[in-house]
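Here's the structure we're looking at; comments come further down.
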Amino acid sequence: MSSTAAGPVFETEIAVVGAGAAGLYAALCAAREGASVVLISATPLAQTASYWAQGGLAAALAADDSFELHLADTERAGRALVRRSAAEILVREAPARVEDLQALGVRFDGDRSGRLALGLEGGHSVRRVVHAGGSATGRRVVRQLSALVAEEPLISVFERARARALWTDGNPTYPTQSGFDGDRTHTADSRADVDPAPARCRGLICDDGRIVSARAVVLGTGGAAALWARTTNPPGSEGIGLLLAHAAGASLADLELLQFHPTAVLGLAGREGFLITEAIRGEGATLRDAAGERFVDELAPRDEVSRAIALRLLESGERSVGLDMRAIDPAHFPNVIAALREAGLDPMRELVPVAPAAHYMMGGIVADLSARSTLPGLYAVGESSCTGLHGANRLASNSLSECFVFARRAVLHALSEEPSPSSASPAELETLQALPSPSPGTPVTREALWRDAGIVRSAEGLRRLLDDPHPLARLLARSALARTESRGAHQRLDHPKPDPALDQHHFVLTADGDGSWQAWA
Ligand SMILES: Cc1cc2nc3c(=O)[nH]c(=O)nc-3n(C[C@H](O)[C@H](O)[C@H](O)COP(=O)(O)OP(=O)(O)OC[C@H]3O[C@@H](n4cnc5c(N)ncnc54)[C@H](O)[C@@H]3O)c2cc1C
């Protein structure tokens, strides 16, 4: 550590922001390569989406499964927007990451013959979801990885520290409001990072003034679904990493593509938005409307099930549909059953009131197949990134696998690059100290996003969002207005059908305010 008039500067090889699945694993992979790491996490462990994950992680491990089948399911769910090269990497590397997690001490659930027990979730044609503690997968994985991080001498943890801004060679600017709708510039580049990037990321500054100088910064700051009023996400998931990256010069993509989880609890005090894992539908739970009738294939991809529920609720004027779990073996999902009982409902005897809630952001910081952002020296992994892997609708349980597969790729790539000189002038550090934090979301923004950027949207509502005080809401509105079609999680009243011209096209917003369509190979 060195000290300047502007505050202490910590020097490290890799700075990781975020202690969810992606950040923890990135830090451990870097340390295993012998690199020093500073890991910065704003929230306690129990407030990461990773900790809350229930179902598990998808990997083609069963005898009746294959990479090809996992890829086909991922592409089918993603509605002609999945970037095949990224999905191929995911399906091929996920099994090795499961093995590595086991080697790191994560104990996944087994079947009677001692093999991994595999769950079935919506959109998967075979059983392929590896889980731990029934539906306590995230908790088990995060606890184990955190324990290893705490013991690792090469990793310094800044707990409850918030990255306030990224440190670049250039001059960071914060995104400004604009009514730009985007034109359709079609490019067929082999990499997503086609925008010119004048600066290099050299580190970051935390809210408490500590500066970290690093060979590379890896953002694992999670998604943004907590910016919607009705959400399954923990309060910290507000897309702060996206704003940090964009302010520093990195491009964002697919912001309009937000997945809604079909079965989030509604109207149970203390459990509002509590997610009931899709694996329960995989074991036979059914959805019932007000008349007690089934109305959708419960194991269809998420966008289809969420849309069916939203439309049924619009027709009936009800606020929720019923999830019938009465035939489920409670021993398989102990924490879900316990949570519902604590809220005063017995799911073994009565239907659980559920409705869709904002759940997962497919869009994020543009990242190539090594998780490089468009800003040299900056990597994005996990839910904060957008490799194009999930297309317009993430296949259930592909996201935890993505965290592990791409966190490792990011670190290996970052360590293979030539280190750049990291000394900074006192004036540069003073400038860094003066940078503001991105503002958190307010209830006004949350209500506005739920109303105007929910499952069902229109140009009129999206135009209102262009005036929202929150910069991410405005960027999202620009992207959603540009996508003049309905696809995956995103249903436009004024453009009810998919536009085949937009197949495989991602809407990319550069830091200098340009928006364009890109096709990623
Ligand atoms: C209820 C629920 C259930 C889910 N179930 C599954 C499932 O079964 N399978 C699956 O594949 N996916 C599931 N998902 C999605 C999956 O959990 C997430 O996509 C994934 O865990 C994201 O991991 P992450 O490491 O990218 O981010 P997170 O786990 O959200 O971690 C983000 C981290 O970044 C930190 N952070 C953010 N901003 C800053 C900042 N400025 N400075 C410092 N730190 C910062 C946070 O404090 C946190 O530590 C579920 C999500 C939810 C909400």
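We count ligands from 1, going down the list as the structure has it; atoms in each ligand are counted the same way.
- Annotation: Gly56 places an N or O atom under 3.5 Å from an N or O atom of ligand 1; distance criterion only.
- Contact annotation: for Glu238 versus ligand 1, there are no heavy atoms closer than 4.0 Å.
- At a 4.0 Å heavy-atom cut-off, ligand 1 does not touch Tyr51 at all.
- If you number the atoms of ligand 1 from 1 as listed, the ones under 4.0 Å from a heavy atom of Tyr360 come out as 19 (O).
- For the pair Ala22 and ligand 1, the shortest N or O to N or O distance falls below 3.5 Å.
- Checked against a 3.5 angstrom limit, the closest N/O atoms of Leu400 and ligand 1 fall inside it.
- Contacts between Gln54 and ligand 1, counted as non-hydrogen atom pairs separated by less than 4.0 Å, involve the backbone only.
- Residue contacts with ligand 1: Leu57 is placed with no nitrogen or oxygen under 3.5 Å of a nitrogen or oxygen of the ligand (distance criterion only).
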Intermediate values then yes/no, ring-ring contact (aromatic ring centres under 6.0 Å, His included), Phe406 and Tyr379
CA-CA 10 Å; Phe406 285 91; Tyr379 292 73; over 10 Å; no
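- Considering only non-hydrogen protein atoms, atom 20 (C) of ligand 1 sits nearest to Ser50 OG, 3.9 Å.
- Within the 4.0 Å heavy-atom criterion, the part of Cys403 lying near ligand 1 is the side chain and not the backbone.
- Checked against the 6.0 Å centroid threshold, Phe260 and Tyr360 do not count as a close aromatic pair.
- For the side-chain contact (heavy atoms from CB on, under 4.5 Å) with Val37, the qualifying choice from Val16, Val218, Leu154, Val411 is Val16, the only one to do so.
- Counting only heavy atoms of the protein, atom 37 (C) of ligand 1 lies nearest to Thr221 O, 3.4 Å.
- A side-chain donor from one of Asn398 and Thr74 sits under 3.5 Å from a side-chain acceptor of the other.
- Side chain of Glu13 to backbone of Ala214: no donor-acceptor contact under 3.5 angstrom is found.
- Within a 6.0 Å radius of NE2 in His413, other residues, nucleotides and ligands contribute more than 12 heavy atoms.
- At least one heavy atom of Gly220 sits closer than 4.0 Å to an atom of ligand 1.
- Residue-ligand proximity, Ile240 to ligand 1, at heavy-atom distances under 4.0 Å covers atoms 41 (N).
- Here Ala161 has backbone heavy atoms under 4.0 Å from ligand 1, and that is the only part of it that gets that close.
- For Ala19, a nitrogen or oxygen atom sits less than 3.5 Å from a nitrogen or oxygen atom of ligand 1, counting backbone and side chain alike.
- Contacts of Thr43 with ligand 1, taken as heavy-atom pairs under 4.0 Å, involve both backbone and side chain.
- Between Arg271 and Glu342, at least one side-chain nitrogen of the basic residue sits less than 4.0 Å from a carboxylate oxygen of the acidic one, meeting the salt-bridge criterion.
- Under a 4.0 Å heavy-atom criterion, Gln259 is not in contact with ligand 1.
- Side-chain contact of Asp303 with Gln259: a donor-acceptor pair under 3.5 Å is absent, judged by distance alone.
- Side-chain contact of Ser437 with Arg162: a donor-acceptor pair under 3.5 Å is absent, judged by distance alone.
- Between the side chain of Thr221 and the main chain of Ile240, no donor-acceptor pair closer than 3.5 Å is present.
- The 12-atom threshold is not exceeded at CD of Glu159, counting heavy atoms of other residues, nucleotides or ligands nearer than 6.0 Å.
- For atom 35 (C) of ligand 1, the closest heavy atom belonging to the protein is Gly18 CA, 3.6 Å.
- Among protein heavy atoms, the minimum distance from atom 4 (C) of ligand 1 is reached at Ala53 CA, 3.4 Å.
- Here His359 has side-chain heavy atoms under 4.0 Å from ligand 1, and that is the only part of it that gets that close.
- Remark: ligand 1 atoms within the under-4.0 Å shell around heavy atoms of Gly55 are 7 (C), 8 (O).
- Counting protein heavy atoms only, atom 18 (C) of ligand 1 is closest to Glu383 OE1, 3.3 Å.
- Below 3.5 Å of separation, one finds no N or O of Leu275 facing any N or O of ligand 1.
- No more than 12 heavy atoms of other residues, nucleotides or ligands shown are found within 6.0 angstrom of CZ on Arg84.
- Shown in contact with Gly382 at under 4.0 Å from a heavy atom are these atoms of ligand 1, numbered in order with element: 26 (O).
- The closest side-chain donor-acceptor pair between His124 and Asp73, if any, does not fall under 3.5 angstrom.
- Atom 40 (C) of ligand 1 has its closest protein heavy atom at Ala163 N, 3.7 Å.
- No N or O atom of Thr232 sits closer than 3.5 Å to an N or O atom of ligand 1.
- Between atom 17 (O) of ligand 1 and the options Ala49, Pro234, Ala21, the minimum heavy-atom separation is to Ala49.
- Not a single heavy atom of Gly223 sits under 4.0 Å from any atom of ligand 1.
- Between the side chain of Asp207 and the backbone N or O of Arg164, no donor-acceptor pair lies under 3.5 Å.
- Remark: Arg210 is positioned above the aromatic ring of Phe158, its terminal NZ or CZ atom under 6.0 angstrom from the ring centre and at most 45 degrees off the axis.
- For the pair Ser41 and ligand 1, a heavy-atom separation below 4.0 Å is found.
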Salt bridge (charged side-chain N to carboxylate O under 4.0 Å, His left out), that's the test. Do Glu256 and Arg487 meet it? Break it down for me.
CA-CA 10 Å; Glu256 72 281 14; Arg487 186 184 294 266; over 6 Å; no
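- Here the heavy atom of the protein found nearest to atom 12 (N) of ligand 1 is Ser399 OG, 2.8 Å.
- Residue Glu121 has no N or O atom closer than 3.5 Å to an N or O atom of ligand 1.
- Checking side-chain atoms of Trp228 against main-chain N and O of Thr445 turns up no donor-acceptor pair under 3.5 Å.
- The nearest heavy-atom contact from the protein to atom 53 (C) of ligand 1 is Asn233 ND2, 3.3 Å.
- For ligand 1, the polar-atom distance check finds an N/O of Ala42 within less than 3.5 Å of one of the ligand's N/O atoms.
- Those atoms of ligand 1 with a heavy atom of Ile40 less than 4.0 angstrom away are 43 (C), 44 (N).
- Counting only distance, with no hydrogens or angles, the side chain of Ser397 and the backbone of Gly56 share a donor-acceptor pair below 3.5 Å.
- Ring orientation note: the planes of His261 and His359 are nearly perpendicular, at an angle over 60° on the 30°/60° scale.
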